[in-house]
Trainee: 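One structure, as structure tokens, below. Some questions next.
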Amino acid sequence: MVLVNIGFDFDGVIVDISNRNEIKSRWADTLYGVKIPAEKFSKSHVVGGGYLTIEQYAGLQNHVYNSREVGLDMSPVPGVLEFLPRLTAQGHVAKVITSREPAAAALAGEWLDAHGLDIDIVGIGQSASKAEAASKLGLSVFVDDEYHKLQNLIGVVAHRFLFTWPYNARVEAGYVAIRVSSWGELYYAVQALRGGR
Ligand SMILES: [Mg+2]
């Protein structure tokens with residue numbers, strides 16, 4: 001059996017971030033008493049439009065990304081709790097490489113533990129490319145929900161998968177990545193790579 005080292009992004013691959021603007025909208029109201037519709041939640045609208053000061057916006061971002069209250073309450077992407085353990089049970093080595101800063105990555109590690117996912121996580125920070133970590137770990141598969149993160153892995157990771165969401169559906173994946181739209185699809189794509197089942 002051919003086993004592969006597989007890397008996963010965290011936000012948008014393991015935890016569902018498709019409702020993150022709703023969470024920000026809710027917390028903007030709770031923390032600052034400001035009502036901003038989720039569909040309008042962008043920094044340019046919120047700060048540029050004068051709804052929150054830059055300091056308030058930073059505080060909100062910090063709460064949404066770094067607080068235990070929000071971080072441990074995130075929903076799993078459907079299928080991850082079934083298919084990720086199936087991959088590791090087959091002997092594939094799985095690692096999480098996230099662009100989160102160390103504190104937020106540690107919180108993600110707690111989330112993984114709380115959901116029974118026995119997988120190591122590396123937080124490389126916002127400004128670093130995932131290429132170095134992927135190369136060090138000898139990954140031959142990587143799954144991300146951001147096109148440019150996969151673009152950085154060309155020549156480093158042989159099989160690059162873009163996890164499809166409405167927010168990235170318009171990107172032309174081209175030669176950069178193969179799209180998968182569910183964990184089931186990803187699971188069978190990995191099986192196909194090793195020529196099994
Ligand atoms: Mg992501």
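All values below were derived from every heavy atom in this structure, side-chain atoms included, with hydrogens, water molecules and symmetry-related copies excluded. Both ligands and their constituent atoms are indexed starting at 1 by order of listing.
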Trainee: Whether the side chain of Ser25 engages the backbone of Ile36 through a donor-acceptor N/O pair (distance < 3.5 Å, no angle test) should be reported.
Mentor: yes

Trainee: Give a yes or no on this: more than 12 heavy atoms of other residues, nucleotides or ligands lie within 6.0 Å of atom CD of Glu132.
Mentor: no

Trainee: Less than 6.0 angstrom from the centroid, inside 45 degrees of the normal: does Arg179 satisfy that with respect to the ring of Phe161?
Mentor: no

Trainee: More than 12 heavy atoms of other residues, nucleotides or ligands under 6.0 Å from CD of Gln126: is that the case?
Mentor: yes

Trainee: Under 3.5 Å, is there a donor-acceptor pair linking the side chains of Lys43 and Gln61?
Mentor: no

Trainee: Can Asp145 and Tyr167 be counted as having a side-chain donor-acceptor contact under 3.5 angstrom?
Mentor: yes

Trainee: Within a radius below 2.8 Å of the Mg ion (ligand 1), how many protein N, O or S atoms are present?
Mentor: 3

